[in-house]
Amino acid sequence: MRLSISARVSIACTSVILMALTVLATGLSVGNKIHDADLRITLLSEALHLENRLDQMQRQLRQDIGRVTRDAERGAVVSAVRWGELNDGIAAFRQRSSSTAQFLASRPEAGWVPVRETQRAAADFATAADRLIQIGRTRPSGIKSAMPRFLSALTALENSRSRARQDLTFAISKAAESNRRESRRDIISVLLGGLVIVAIIFSMTIWLRRRLVSPITILAARLREFRVGDSDGDIPGVERADELGDLARGLYEYRNAVESRRTAERRAEFLANHDMLTGLANRLLFENRLAHELSRSGRTGDVVAVFAIDLDAFKAINDRLGHAGGDRVLKRTARLLSSSVRGDDLVARIGGDEFAIIQVAHAQPAAAEALISRIFKTASAPSDEGVAIRMSVGVALSEPGQTGDELHELADLALYRAKADGRNTARIFNKHLKDEESQRVRLGRDLEDAVSANELHLAFQPIADTASLEIVAYEALLRWRHPILGDIPPDVFVPIAESTGLIGTIGSWVIDQALRAASAWDPKLSLAINLSPIQFRSAGLADEICDAARRWGVTFDRLELEVTEGATLLGFQRDNVLATLKTLQEYGARVVMDDFGTGHSSLSNLKEFTFDKIKIDRSFVATMHSHASSSSIVKATIGLGQSLGLTIVAEGVEAEKQLADLRRWGCDQVQGFLIGKPADGGVIRQARMPAHGIDR
Ligand code: C2E
Ligand code: MG
Ligand code: MG
């Protein structure tokens with residue numbers, strides 16, 4: 001049977017109280033016994049003292065009687081006074097004997113034989129003494145005959161008194177001895193009782209400490225830990241059947257209830273501050289943390305770097321892989337970014353395919369540059385998770401007094417720059433970038449009026465047959481002469497036109513004006529037109545080209561349409577792009593893959609769509625003789641074209657040696673300053689009719 005703590009404590013306390021009472025009672029009885037024994041010894045001693053006094057009196061009487069009777073026997077005159085003194089002595093002796101007998105009468109010792117005998121012998125002695133004195137006073141001659149009787153009474157008295165005194169002495173020593181013995185025994189039992197009480201109290205203390213105090217201390221510690229949020233520790237005693245078990249179980253249930261409430265709160269807080277899909281921080285947490293880090297950096301002198309990150313061609317990935325596939329890519333991106341940062345950096349998903357990182361460091365921009373290279377290194381590492389992740393990164397570094405919004409805006413600007421610079425790259429914001437951005441904004445505004453103000457015109461660059469160097473086509477290249485800034489290269493303003501959407505209008509103008517120019521050429525010459533991926537957003541692009549060609553009387557077999565591979569085949573509305581190109585091919589036009597080798601999946605694009613022609617990017621041609629890898633790529637591309645039955649064009653041919661090698665390797669066509677620079681014919685109305693061997 002398991003007893004409760006209160007029952008155990010009650011039993012223990014009751015035992016202690018009973019023991020204490022027993023010890024107290026024993027102590028009291030010991031005291032009483034000692035007192036009684038002392039009293040008895042005192043009485044016996046007093047009796048002995050009285051007997052001694054009587055003995056002395058009796059000896060005195062014997063001497064006095066002996067002296068007086070001897071005088072009387074000798075015939076001397078004994079005065080009446082002396083006889084009277086003897087009579088008084090005997091009376092006093094009798095008196096004292098009787099008071100001693102009275103003293104002893106109430107004591108147990110009264111019944112003793114020697115005591116009783118002594119009382120009787122004392123009375124006999126007194127009587128014998130009285131008679132002897134009477135005879136000696138009246139007839140001294142009778143003394144002799146009366147003397148034996150007196151002496152025998154005296155002897156009997158002396159003998160019995162001697163025995164009585166011996167008995168009293170013996171009784172006193174016996175009482176003292178037994179008193180000592182009993183006292184010793186009683187003291188030992190009191191001591192033993194005390195020891196038992198101490199032992200009970202001691203074991204109770206140990207039990208209380210082990211079974212009550214220690215568990216309570218641990219429970220209190222658990223409560224304290226729990227208060228500060230740590231709830232991993234064991235709760236001791238939940239299996240106990242007593243009150244402490246009740247307490248432990250209560251605490252256990254309380255902890256579970258609070259823990260589940262805390263979990264719910266943490267979950268709610270997590271949901272409020274995190275992105276559900278990736279588990280990264282959301283915009284709210286990002287903004288709060290950024291504000292916090294900026295105010296802290298003001299005190300510590302650290303620099304806060306904000307990374308604005310955008311996935312390249314995410315729309316295309318989503319179109320291609322569906323939403324589930326897009327979600328997988330976002331999760332992978334989140335993992336990739338999280339594994340690239342340090343523990344105290346914050347990675348957030350701001351929305352859609354936009355991510356951001358807050359990095360606080362003292363050594364900036366070194367830390368930001370290191371993180372950029374870690375991100376791109378991780379992204380380019382081989383992965384068996386499918387589509388490669390490509391992203392553009394813009395970074396801005398904080399300056400004193402900047403707000404989070406301002407810093408994020410600058411990072412966005414750098415991101416915009418990274419995208420404009422060909423994507424899958426990073427740019428760190430600097431003042432120059434800002435100036436460039438203002439320039440871009442200005443150019444974007446000015447470009448709107450450029451078409452109507454006749455500031456745009458076309459230049460035509462010849463493309464020749466490698467073997468015969470006969471011009472077979474001209475590529476239309478857009479030019480913009482800004483009234484104040486002068487000639488602006490298409491590499492600068494075409495991306496602006498793309499980002500503002502103006503490329504639609506400009507592209508239509510190019511198609512119309514290029515075909516118009518080509519209508520005046522030798523019909524054997526083809527016309528190459530560059531198409532921006534943005535132009536494919538308009539569903540009627542193929543029809544528009546078809547209409548313009550018909551309007552200007554240029555047959556479709558003279559038309560070549562150049563598209564940059566990455567942007568077109570991985571970019572926006574990939575299926576629309578491919579359908580439009582297919583339609584144009586069906587009309588009889590040729591589709592050319594421009595800048596081959598600079599996109600990120602050049603070869604897989606060849607599998608997706610049947611191009612008619614491939615243009616090797618001029619960067620490979622330019623480094624053909626300085627980099628072995630470039631010449632290998634050029635040769636391989638030529639070989640690829642031959643095996644697939646595609647026409648291969650090499651761009652940017654500037655040197656005779658390049659031409660000679662390309663000819664030797666079997667490249668079909670060449671384009672470049674060696675063949676002819678783009679001929680600037682001023683505004684299109686005055687565009688010079690191209691002639692063979694322009695600028696050669
Ligand atoms: P692209 O289509 O690859 O055009 C060829 C570029 O290479 C032209 O630059 C041309 O001037 C340059 N080039 C040709 N031969 C040589 C050479 O021997 N050496 C060097 N260093 N460069 C050479 P451009 O005219 O500045 O055009 C740049 C890019 O702008 C074009 O590259 C094209 O992507 C784009 N672009 C030009 N016109 C248009 C247009 O009408 N529409 C669209 N969407 N893009 C255009
Ligand atoms: Mg081109
Ligand atoms: Mg090109």
Side-chain angles (χ1 to χ4, degrees), residues 420 422 447 450-451 456-464 471 473-481 487-518 526-538 541 545 548 559-568 571 577 590-599 602 611 613-624 637 648-659 662 669-681 684 687 694-696:
L447 195 56
V451 183
L456 295 180
H457 64 276
L458 290 178
F460 295 91
Q461 185 178 29
I463 300 167
I471 306 295
Y474 283 92
E475 180 180 4
L477 294 166
L478 191 54
R479 296 286 176 263
W480 178 21
R481 180 157 294 157
D487 286 338
I488 314 257
D491 284 339
V492 173
F493 73 84
V494 168
I496 296 175
E498 285 177 338
S499 66
T500 57
L502 212 61
I503 195 72
T505 317
I506 295 176
S508 301
W509 181 87
V510 170
I511 292 165
D512 185 63
Q513 294 301 314
L515 283 164
R516 178 187 163 183
S526 296
L527 165 70
I529 297 175
N530 291 291
L531 293 177
S532 155
I534 311 292
Q535 286 174 270
F536 287 87
R537 289 187 190 175
S538 140
L541 180 63
I545 295 171
L559 210 51
E560 291 181 357
L561 300 159
E562 296 190 6
V563 288
T564 48
E565 43 146 0
T568 307
V577 175
R590 289 181 294 282
V591 176
V592 184
M593 185 190 277
D594 203 354
D595 303 341
F596 183 79
T598 55
S602 307
F611 287 90
K613 203 167 173 178
I614 289 175
K615 272 190 163 182
I616 303 173
D617 190 70
R618 62 177 186 275
S619 60
F620 298 108
V621 178
T623 54
M624 228 167 75
T637 311
I648 302 294
V649 190
E651 278 184 335
V653 180
E654 294 183 355
E656 291 288 354
K657 193 167 172 343
Q658 290 167 339
L659 178 65
L662 289 165
Q669 298 176 352
V670 284
Q671 179 182 9
F673 295 167
L674 185 68
I675 314 302
K677 288 191 174 175
D680 191 343
I684 197 67
I694 285 174
D695 291 345
R696 271 205 76 180

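Along the sequence shown, the residues carry numbers beginning at 1. Values below: every heavy atom of this structure, side chains too, minus hydrogens, waters and symmetry copies. Whatever order the structure lists ligands and atoms in, that order sets their numbers, starting from 1.
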Count, waters excluded, of protein N, O or S atoms under 2.8 Å from the Mg ion (ligand 3): 4
Close-range residues for ligand 1, whose non-hydrogen atoms fall below the 4.0 Å threshold: Gln461, Glu475, Leu477, Leu478, Arg479, Pro490, Asp491, Val510, Asn530, Leu531, Ser532, Glu562, Asp594, Asp595, Arg618, Glu651, Gly652, Val653, Glu654, Gly672, Phe673, Pro678
Donor-acceptor under 3.5 Å (Gln669 side chain, Val649 main chain): no
Option passing side chain to side chain contact (heavy atoms under 4.5 Å, CB included) with Asp595 (candidates Ile614, Ile616, Thr564, Val563): Thr564
Atom of Glu475 nearest the Mg ion (ligand 2) (restricted to N/O/S, atom name only): OE2
Verdict with supporting geometry, Leu559 and Leu515, side chain to side chain contact (heavy atoms under 4.5 Å, CB included): CA-CA 9 Å; Leu559 210 51; Leu515 283 164; 3.7 Å; yes
Residues Phe596, Ile648; criterion side chain to side chain contact (heavy atoms under 4.5 Å, CB included); working and verdict: CA-CA 10 Å; Phe596 183 79; Ile648 302 294; over 6 Å; no
Side-chain heavy-atom pair Ile675, Ile471 within 4.5 angstrom cut-off: yes
Side chain to side chain, Pro462 and Gln671, heavy atoms closer than 4.5 Å: no
Ile529 side, atom CD1; Glu475 side, atom CD - distance, nearest 0.5 Å: 10.0 Å
Side-chain (Gln658) to main-chain (Glu654) donor-acceptor, under 3.5 angstrom: yes
Nearest heavy atoms of Ser532 and Ile503, plus distance in Å: CB-CG1, 3.7 Å
Within-4.5 Å side-chain heavy-atom neighbours: Gln461 and Phe673: yes
